Number of protein chains: 2
Amino acid sequence: MQKSEEIVAEEALDGSRFMPGLSVDCVIFGYHERELKILVSKFKNTSYYSLPGGFIKRNEDADEAAHRVLFERTGLRDIYLNQFYTFGNTHRANPEPMKSVMLANGIEFNGNHWMLQRFISIGYYALVNYTRAEPKPDFFSESCLWYDIDDVPKLMQDHLLIVKKALETLRNNVNRKFIGVNLLQDQFTMGDIQKLHETILGEKLNRTGFHRKMLNSGLLKRIGKKKTGGSHRAPYLYVFHSDEE
Amino acid sequence: MQKSEEIVAEEALDGSRFMPGLSVDCVIFGYHERELKILVSKFKNTSYYSLPGGFIKRNEDADEAAHRVLFERTGLRDIYLNQFYTFGNTHRANPEPMKSVMLANGIEFNGNHWMLQRFISIGYYALVNYTRAEPKPDFFSESCLWYDIDDVPKLMQDHLLIVKKALETLRNNVNRKFIGVNLLQDQFTMGDIQKLHETILGEKLNRTGFHRKMLNSGLLKRIGKKKTGGSHRAPYLYVFHSDEE
């Protein structure tokens with residue numbers, strides 16, 4: 001371990017800096033080539049995969065903690081990030097995964113270590129521009145990578161439940177403007193937005209019905225045809241109206 | 001203070017029994033005579049009003065804690081109760097209101113007392129049958145009473161924000177079956193359910209449009225006319241279909 005990493009590790013392990021028993025976990029969604037992906041970290045020298053997460057500093061808002069985690073893992077600021085559920089079941093109090101992580105990192109601890117106590121975790125989901133994010137692992141992790149939502153490795157603790165609940169929230173909001181604004185390019189065809197909805201919902205949608213609904217929603221503005229090299233069947237391009245919610 | 005109350009107070013003040021820095025706050029909605037009401041407690045010998053709330057025991061799920069608070073304040077079990085948002089801002093760390101409450105109750109404390117630390121609170125909202133609830137204060141409070149949602153006394157800390165966020169959640173869900181099932185009588189007229197929606201939304205709705213929407217929703221089943229003593233203009237009675245979500 002290098003010197004700078006040691007300092008980071010020491011700070012990260014100093015329980016007095018954080019709200020006890022509380023964490024944030026982030027489901028970071030990206031959309032690329034018609035696949036919905038999330039970021040997953042793998043702990044060094046273990047078989048544990050987890051959502052990017054962290055603790056809440058004593059002088060930090062919970063939302064700030066989530067933004068900090070998101071920035072540290074993706075290099076992105078000013079991202080769409082929303083709290084969606086707080087996971088407070090007692091079955092989260094299983095210390096075994098964190099024991100393995102600490103052992104794998106050569107960290108000395110006893111059974112009362114604050115990181116082995118019961119944690120209640122505030123779940124956030126983020127929508128990021130896949131092409132702009134630069135995922136990087138923290139010093140506990142050997143990787144932090146995008147995984148297709150249908151091909152996520154086995155996650156530790158209740159992190160799969162956290163992903164499911166985040167996806168449920170995304171599905172409930174699929175018609176809201178912020179989903180498309182954050183996951184599509186600035187200009188898109190009706191086919192692009194239909195595919196985004198289908199990917200989020202995990203089901204095919206009727207083309208005619210979907211187009212009618214989108215056009216009636218008042219969210220979209222047609223800005224011309226896509227340049228496709230002269231075909232008369234070139235699709236229209238759309239942007240979101242800037243003033244609609 | 002009587003003996004039994006002393007034991008209760010001692011237990012309630014024993015920080016080792018609870019998750020540190022965490023609380024639940026409940027916005028308990030009831031509907032009566034076309035008014036939407038919430039339960040508000042007033043702390044003994046202070047001017048502080050608050051939402052019913054409490055702490056999470058170390059061996060208790062967060063949801064269980066909220067159900068326990070709800071039962072203690074209303075005598076009701078098996079109530080519709082849902083987590084809606086977790087309040088985690090640092091400005092919640094103001095110890096002054098709790099200091100006043102502890103002084104007013106003759107509780108000895110120093111500045112490091114666990115109840116004076118920063119708390120993050122998980123917000124729950126409940127929908128209860130107003131006529132079945134029997135509100136009762138805890139031993140810190142001199143009253144626990146229903147207040148019309150438009151006439152709530154000045155609440156301590158950020159409890160007004162918690163109420164607003166709960167009401168926002170209720171409004172976003174106004175068309176969902178669970179709202180009517182939990183706030184209306186078993187049988188109701190179209191006028192009853194329109195009035196409920198208007199009260200929650202805080203605005204008048206077009207009668208024809210509302211009736212059409214409700215009939216098209218597939219949620220309602222017509223079961224006959226209301227007995228009103230022979231008038232031929234007696235309104236129809238409805239119940240919710242038992243199999244629809």
Side-chain angles (χ1 to χ4, degrees), chain A residues 15-26 53-69 81-95 112 114-125 158 161-162 165-166 168-169 172-173 175-176 178 245, chain B residues 15-26 53-69 81-95 112 114-125 158 161-162 165-166 168-169 171-173 175-176 245:
Chain A
S16 69
R17 297 176 63 231
F18 300 106
M19 295 288 290
L22 266 170
S23 59
V24 296
D25 280 305
C26 298
F55 306 114
I56 303 168
K57 293 180 190 168
R58 292 198 181 257
N59 61 353
E60 185 180 50
D61 291 346
D63 287 1
E64 285 173 347
H67 275 287
R68 177 172 52 76
V69 167
L81 180 72
N82 217 353
Q83 191 202 107
F84 65 94
Y85 198 77
T86 294
F87 298 84
N89 280 357
T90 47
H91 68 62
R92 309 193 91 251
N94 172 17
N112 294 323
W114 66 279
M115 281 176 76
L116 302 178
Q117 307 304 307
R118 174 184 174 192
F119 272 83
I120 284 180
S121 191
I122 309 178
Y124 285 82
Y125 76 102
D158 58 351
L161 174 68
I162 299 179
K165 195 99 182 169
E168 188 185 309
T169 307
N172 286 338
N173 285 294
N175 290 316
R176 300 279 304 279
F178 67 84
E245 237 320 293
Chain B
S16 69
R17 298 175 64 229
F18 301 105
M19 296 288 289
L22 266 170
S23 57
V24 296
D25 281 304
C26 298
F55 306 114
I56 303 168
K57 293 180 190 169
R58 292 199 180 256
N59 61 352
E60 183 180 52
D61 292 346
D63 286 1
E64 286 174 347
H67 275 288
R68 177 172 51 77
V69 167
L81 180 73
N82 217 352
Q83 190 201 107
F84 65 95
Y85 199 78
T86 294
F87 298 83
N89 280 355
T90 47
H91 69 61
R92 309 193 92 250
N94 171 18
N112 294 322
W114 66 279
M115 282 177 75
L116 302 179
Q117 307 303 307
R118 175 183 174 192
F119 272 83
I120 284 180
S121 191
I122 308 178
Y124 286 82
Y125 76 101
D158 58 352
L161 173 69
I162 299 178
K165 195 100 182 167
E168 188 185 310
T169 307
R171 286 177 174 167
N172 287 338
N173 285 294
N175 290 316
R176 300 280 302 279
E245 234 322 290

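Keep in mind it's a predicted model, so treat the numbers as computed, not measured. Order of the sequence lines fixes the chain letters, A, B, ..., with proteins taken first and strands second; residue numbering starts at 1 for each chain.
Residue B:Asp63 touches chain A through its side chain alone, counting heavy-atom pairs closer than 4.5 Å. For chain B, the nearby part of A:Arg58 is the backbone; its heavy atoms alone come within less than 4.5 Å. In this structure, no portion of B:Phe84 lies under 4.5 Å from any heavy atom of chain A.
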Q: Kindly determine whether A:Ile56 and B:Ile120 satisfy side-chain contact (heavy atoms from CB on, under 4.5 Å), including the steps that lead there.
A: CA-CA 10 Å; A:Ile56 303 168; B:Ile120 284 180; 3.9 Å; yes
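Between the CD1 atom in B:Ile122 and the OH atom in A:Tyr85 there is a gap of 9.0 Å [rounded to 0.5 Å]. The structure places CG of B:Leu22 at 11.0 Å from CZ of A:Phe119, a figure rounded to the nearest 0.5 Å.
A distance-only check finds a donor-acceptor pair linking the side chain of A:Asp61 to the backbone of B:Thr90 [under 3.5 Å].
When all heavy atoms of B:Glu60 and A:Arg118 are compared, the closest pair comes out as O-NH2, 2.7 Å.
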